[in-house]
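The structure displayed is predicted, hence computed values, not measured ones.
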Amino acid sequence: MKKYFFLSALFGSAFLLFWVQFIIAKSLLPFLGGTPAVWNVCQSFFQVALLIGYAYAAWLGDRPKLRQQLLIHLAAIGAGCAIALARFPQLLAQLPMGSDRPIATLLLVLGSTILIPFCVLSATAPLLQRWVSQTRLSFSQNPYVLYAASNAGSLLGVLSYPSAIEPAFSLLGQRQAWLIAYVLEAIMIVACAAIVWRDRSYISTADQPVVQSNLSQSGEEFSGEKPSEITGDLPSASSTKQIGIEQIGESSPFTNDVDNADNADTHASIAPHWSVAIEQPTWRDRLQWALFAFLPASLSLGVTTYITTDLAAVPLFWAIPLSLYLLTYIVAFSNWRRAGQIYPWAVALLPVLVTPLVFWSRLDGAQNLWVMLPFHWVGFTLAAFICHQTLALIKPTVEHLTRFYWWLAIGGAAGGFFNAIIAPYLFPNTQEYPLVLILTLAATIGLGQLPKWSWIAVGLGLGVLLAGVNGKHFGDYWAAYLVAFSLLGTIAYALQLRKTKIITATFAIILMMQFSVGLRGEVVLTDRSFFGVNRVVIDRSRQVISLLHGTTLHGQQSLLPQRRDRPLTYFTETGPIGEFFEGFNQTPRDRVAVLGLGVGTLAAYAQPNQQWTFYEIDPDVKQIATNPQYFDFLSNAKGKVAVEIGDGRLKMQTLPDRSLDLAIMDAFSSDSIPVHLITREAIALYTQKLKPNGLILINITNRYLDLLPVVGATAQDLNLVAIHRWDVNVSEAERVIGKTPSHWVAIGRNQRDLAWLTSPIKSASTWQAVDSQPPNQLWTDNRSSLLSVMRSR
């Protein structure tokens, strides 16, 4: 019965840790343009906070008296509760207006609000495991199995938030529920502390077995002699100090007779399914712990950024890599005997998956989403499993448990910091993902000898990268090369890699950094910022120049002089927007506000007597759109055009009421529309700024989300009238000249304001009234669910 208190406390603390991350990230997204980078920065902050919590646990675990440990941590729990109750409800009130320094803004708010309560929660897992080792409880000899319960709580937190918590509770309700759960968790930790005090074993650590089994044939923990059923001899206690990566590699089933097919089953059966607890960890051991935590942590964010930027900006795709990351942690530390048998096969298969992933991730062009996604997820899962299983195999004895987790936190925090803070300013695009894939392959190759077919895959991958090398920018990224080779050098030192493996990895990194194959055309500019990767691409065959944010086309202009001023893509004159302005400009209208700039295509519709203001959150997009070397819609506009940097909704708040004739919402983060720009509060704000006959125009074109019910429900709730036109049938001839399908919604205060779009006289018009929507489709700043609007295809 007592063990369930510990399991519940570990499970609950991990669940709360991940739940609060989602609450805070979603609360902060509206103030930073809804960009996915907010999630990466939050993740990096929480990994650093985890490191601080583990450092505190390591320091407290070294206190000689158990009573002292318990009293100090109980005081920390009380302080965490007090700060959470005082600061967490005022999370949004602490946000400064504007986003000139988005990363600093995020870190300031996070540090002043949730740092201390989060650190106290994060210290729970290592401390409880350390305390359990000093009791008479059944799992006191192998408390590492509790790590699986902790990661199970994390996994449930990841999966339950988008599927259950987010749809059911508002943000305010979530914050209140989290505070209640935090107090209950504190009570549970106090109960565990009481159990530890009553059941302490008084067994000195010197009397505990040095060598501990992690996985046995029966799946039960044991100590002492290794059962005869397990092939090979377990090293003696006197040699445990030397156990590490080299000894793991020697147990590989591929070490000998790799070409003998008859022995394949036998080889698989002697996989390393035990771990040796290191008695006196060296600095190289600690560095190995940090590295094998760094690699999967970096890959988790890297594959998420790559998929949501370069493949598809499908909301919630970030949850899948994070879930897989946690699942591999659970498997590695759960005493599942099959994990040890799978391990060497995973090491052998990794080159077969990683080498094509490195190549595919460097292609600049459209790829089949549903073919590529499984490859990236499987490759990441395999790499994460190998790293986590290696950690399970080289973990130390229980007296070093808290320090082991501290070094894991160092690696995880370094991985998050590298991807969220360093990579956006170091790499021109998402190169950190293939880089860490190469580094992971270099690290895991050092775990043992590989079969020939694994090396063939490596050779083929190098050959493909060599075929696409473009040496034009070889000297431009010296800082990126410096960091990449520093990471490789650290891995080589920690794992004592052979020179041939170091040379191979170095060659692969250089080829990857110089690889350039554009499937959309000639890439003339690649620019990366906090808000994503922008590329300017010239297609000579169609004579157009385009701006792409990830995989989403954000604007296009013809290179032909006679068509230079013609709006293309979603804004063509034969599409919904062209039809709208054909009638809109027939009456005197003088003030237009546009949320989202793109390449400034909409400025082609500006009239001489009109003042247009574009609001753009990404300064780099403004630089591209105002550069006549690429696009000149803004400079050639007939009306007065201005571009202001900042979040459109925040900027709109500063405008006088009843000052606008038209508000256009055309802001995207890749293909994912910022949620905070189409909530009830946002539409109400736009309406407040409109003149009596003013209109709202919203671009809801999207590959993965059906936003019409959301906009319709909002208009219905605000007693507004909404009509829409979905121009999906685009002929091949129209595609050739630059037209793309688009979906627009027009909103007015009454039917009369929109009559010129729906008039029966206009037989060619396809604008239709938005159907009545159920109240649950309404999105507010406190409640929204992307799952409810995901397209089924």
- prompt: Leu110 versus Leu115: any side-chain heavy-atom pair under 4.5 Å?
  reply: no
query: Does His73 reach the side chain of Tyr56, with side-chain heavy atoms less than 4.5 Å apart?
result: yes
query: Taking side chain as C-beta onward, heavy atoms only, is Tyr182 less than 4.5 Å from Cys81?
result: yes
message: Quick one, Met665 and Ile678 - any side-chain contact, counting heavy atoms below 4.5 Å?
response: yes
message: I'd like to know whether CZ of Phe485 has more than 12 heavy-atom contacts from other residues, nucleotides or ligands below 6.0 angstrom.
response: yes
task: Identify the two heavy atoms, one from Leu50 and one from Ser122, that lie closest to each other, and give their separation to 0.1 Å.
output: CD1-CB, 3.3 Å
- request: State, without any angle test, whether Gln21 and Tyr161 hold a side-chain donor-acceptor pair at a distance under 3.5 Å.
  value: no
- prompt: When you measure from the side chain of Tyr425 to the backbone N and O of Arg528, does any donor-acceptor pair fall under 3.5 Å?
  reply: no
- prompt: Below 4.5 Å, heavy atoms only, C-beta onward: do Pro296 and Thr328 meet side chain to side chain?
  reply: no
message: Can you see whether Asp647 engages His676 through a side-chain donor-acceptor pair at a distance of less than 3.5 angstrom?
response: yes
- prompt: What are the two closest non-hydrogen atoms of Ala193 and Trp131, and how far apart are they?
  reply: CB-CZ3, 4.3 Å
task: Classify the side-chain pair Gln129/Tyr405 by whether it contains a donor and acceptor separated by less than 3.5 Å.
output: yes
message: Restricting to non-hydrogen atoms, name the atom on Gln389 and the atom on Val331 that form the minimum distance, rounded to 0.1 Å.
response: OE1-O, 4.5 Å
field: Salt bridge Arg649-Asp781, side-chain N to carboxylate O under 4.0 Å
entry: yes
Nearest heavy-atom neighbours spanning Leu439 and Ala484: CD2-O, 4.4 Å
query: Just by modelled atom types, is the Tyr615 backbone N or O under 3.5 Å from a matching donor or acceptor in the Glu644 side chain?
result: no
- prompt: Are the side chain of Asp527 and the backbone N or O of Asn534 linked by a donor-acceptor pair below 3.5 Å?
  reply: no
task: Check whether any side-chain N or O of Arg284 sits under 3.5 Å from a backbone N or O of Tyr493 as a donor-acceptor pair, and report yes or no.
output: yes
field: Where Pro126 and Ala57 come nearest, the two heavy atoms and their spacing
entry: CG-CB, 3.6 Å
task: Could you tell me whether a side-chain N or O of Gln288 sits under 3.5 Å from a main-chain N or O of Ala494, the two making a donor and an acceptor?
output: yes
message: Looking at every heavy atom in both Pro396 and Pro281, which two are closest together, and how far apart are they?
response: CB-CG, 4.1 Å
